[in-house]
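The structure under discussion appears below in the form of structure tokens.
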Number of protein chains: 2
Amino acid sequence: MDNTQHSGRRQTATERRRRELLEAAERIVLRDGPEASMNAIAAEAGITKPILYRHFGDKGGLYRALAVRHTDALLANLRTALDAPVLRRDRVEATLDAYLVAIETRPQVYRFLMHPAEQQGQAESGFDVGRHSAPLLRRLGEELAKVISDRLDLGPEGEERARVWGHGIVGMMHAAGDWWLRERPCSREKLVEHLTDLLWGQLATVKDLAGGTGF
Amino acid sequence: MDNTQHSGRRQTATERRRRELLEAAERIVLRDGPEASMNAIAAEAGITKPILYRHFGDKGGLYRALAVRHTDALLANLRTALDAPVLRRDRVEATLDAYLVAIETRPQVYRFLMHPAEQQGQAESGFDVGRHSAPLLRRLGEELAKVISDRLDLGPEGEERARVWGHGIVGMMHAAGDWWLRERPCSREKLVEHLTDLLWGQLATVKDLAGGTGF
DNA sequence: GTCCATTGTTACTTGCGGTAACCCGAGTCT
DNA sequence: AGACTCGGGTTACCGCAAGTAACAATGGAC
């Protein structure tokens, strides 16, 4: 029962409006960080709050809509790095670097994505521990787990191990990147090298310092 | 000049009161999560908001005061695991396990510590990227970096490398722990084993799956 | 022309963090 | 004793944010 070309036209019109709103929201969020107010966003878009709510339901909805765009872009970058036909170590380096380039060039976007600011939703009581600061990180972890599981021969329990590794590596990348971004203690290349060394087992093979406890 | 033993007595009295308030706050935070309201906490303590503010300045102050207790306890546990006179690999396993035991037994505390909920402070504009979800994680990263740097011979740039590794490992532990806690895909022992394998360079040595791209 | 969906408004409610002004009881000084 | 101050306590408020009616205007469909 679609109403001739009406619904189609209207459809694209509201879609376009929605995109405009998202772009306004993005400008404000990039300026004010994740605690940008709905009022400010509405003002930037030249309108008032209630239409924002009509389009996105609540603040979480807006932020989620905003997030998917950047998330998708980042994921695409990571996937191409992850699929490059080179040595495994080079591939790992390229992937780490892709992530770091992303957070380096758009730190405000990064900050926004990693901290979607209170998208409360589920029941309050239970054990929804750590739901914060990371739908994106969890997704990255799962993606990486899939790649690992698809390409490496991890034997029995391979699935389990791949997921642990996926989330672990993503967490390592994130924490190191976060720290690096705020302290800038070295070049990006150096950081990538150190991290890859860590993943390549240097922690196991490096020698004790003379005078240490000798274990 | 000090008023006889008066100020001393009063001192301990206010200290005790402060502890009582902190305990009330803890009960509420453990029940409501990090977004527990000051009103609720005051009610639990049987008083009203302004005295909370007299004692702790603002919400961030209260939460910081609450955090140091648990943080100190956790740090103490980690340090003893980190100082055990055993093989390096066993020490790493023990440390990972100590952390995981902590988050497993008190998930609400863990959630609270990892997400101190908006302790805004610094100027709004700038590049304070990623300040969220981690004064504790950053501290852990620095502590671990120090241990690494003190005990291992990392050659030139050893300091830099130790810090990257410290933050990276902590991030890995945190992300994997967070994911594990909410999905419980395996036993704690298995998780520790997988993570240690990862740190021990298994990612580098494991074989490609047959039919893979062969790199 | 009439209908209805969509875009927009103003004006409100609720709940939060935080503060100002005042109250009162217990010890202190003279 | 009486004045004095000091710290724990209260009520009542401000400002601001999210979110919600309830109502106005525009414009295509029939």
Side-chain angles (χ1 to χ4, degrees), chain A residues 1-22 24-25 28-29 31-66 115-121 124, chain B residues 1-25 28-29 32-66 116-122 124:
Chain A
M1 310 310 172
D2 60 37
N3 304 358
T4 74
Q5 74 244 86
H6 173 56
S7 71
R9 289 218 155 198
R10 278 272 134 256
Q11 180 66 13
T12 68
T14 62
E15 284 293 326
R16 198 174 53 239
R17 194 79 185 97
R18 188 187 162 97
R19 265 209 308 282
E20 291 170 16
L21 297 185
L22 275 178
I28 294 302
V29 160
R31 208 194 54 196
D32 293 359
E35 48 274 309
S37 84
M38 294 297 264
N39 261 327
I41 292 172
E44 169 74 18
I47 50 158
T48 51
K49 271 191 299 176
I51 34 186
L52 279 185
Y53 283 95
R54 275 224 265 274
H55 273 275
F56 303 105
D58 64 350
K59 191 172 185 172
L62 204 181
Y63 277 33
R64 245 173 281 124
L66 244 187
H115 190 74
E118 319 310 307
Q119 57 185 45
Q120 71 202 32
E124 49 100 4
Chain B
M1 312 310 169
D2 62 39
N3 303 356
T4 73
Q5 74 248 84
H6 176 56
S7 73
R9 292 217 155 200
R10 280 271 133 257
Q11 181 66 12
T12 69
T14 63
E15 284 292 327
R16 198 175 53 238
R17 194 80 185 95
R18 187 186 163 97
R19 264 208 311 280
E20 292 170 16
L21 297 185
L22 276 179
E23 276 155 24
I28 294 303
V29 160
D32 292 359
E35 48 274 309
S37 84
M38 293 298 264
N39 261 327
I41 293 172
E44 170 73 18
I47 50 157
T48 50
K49 272 193 298 178
I51 35 185
L52 280 185
Y53 283 95
R54 276 224 264 272
H55 274 275
F56 303 104
D58 63 352
K59 191 173 185 173
L62 203 181
Y63 278 32
R64 245 173 282 124
L66 244 187
E118 318 310 306
Q119 56 184 45
Q120 71 199 31
Q122 50 250 87
E124 49 98 7

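The chains referred to below are lettered A, B, ... by the order of the sequence lines, with proteins before strands, and numbering in each begins at 1.
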With A:R18, which residues qualify under salt bridge (Lys or Arg N to Asp or Glu O under 4.0 Å), at least two apart? none
What residues, two or more places apart in sequence or in another chain, satisfy salt bridge (Lys or Arg N to Asp or Glu O under 4.0 Å) together with B:R19? none
Rounded at 0.5 Å granularity, tell me how far [atom1] in [X] sits from [atom2] in [Y].
{"X": "A:L52", "Y": "A:D58", "atom1": "CG", "atom2": "CG", "result": "11.5 Å"}
{"X": "A:I41", "Y": "A:D32", "atom1": "CD1", "atom2": "CG", "result": "8.5 Å"}
{"X": "B:L22", "Y": "B:Y63", "atom1": "CG", "atom2": "OH", "result": "12.0 Å"}

Are the side chains of B:L21 and B:L62 in contact, using a 4.5 Å heavy-atom criterion? no
Nearest-angstrom distance from the residue atom [atom1] of [X] to [atom2] of [N]:
{"X": "B:L21", "N": "D:dG7", "atom1": "CG", "atom2": "P", "answer": "16 Å"}
{"X": "B:E35", "N": "D:dA18", "atom1": "CD", "atom2": "C1'", "answer": "15 Å"}
{"X": "B:Y53", "N": "D:dC13", "atom1": "OH", "atom2": "C1'", "answer": "14 Å"}
{"X": "A:Y63", "N": "D:dA18", "atom1": "OH", "atom2": "C1'", "answer": "11 Å"}
{"X": "A:H55", "N": "D:dG19", "atom1": "NE2", "atom2": "P", "answer": "16 Å"}
{"X": "B:R16", "N": "D:dG7", "atom1": "CZ", "atom2": "P", "answer": "16 Å"}
{"X": "B:D58", "N": "C:dC16", "atom1": "CG", "atom2": "P", "answer": "17 Å"}

Applying side chain to side chain donor-acceptor pair (under 3.5 Å), can you list everything that pairs with B:E20, at least two apart in sequence or on another chain? B:R17
Donor-acceptor pair under 3.5 Å, B:R54 side chain vs D:dG8 base: yes
Go through residues 36-52 of chain B and report each residue with a non-hydrogen atom lying under 4.0 Å from DNA chain D, sorted by number. B:I47, B:T48, B:P50, B:I51
Could you work out how much the helix from C:dG1-D:dC30 to C:dT30-D:dA1 bends, comparing the axis of its first five pairs with that of its last five, to 10°? 20°
Can you list every pair that meets side-chain hydrogen bond (donor to acceptor under 3.5 Å, both in side chains) and has a residue in residues 45-57 of chain A, with sequence neighbours left out? none
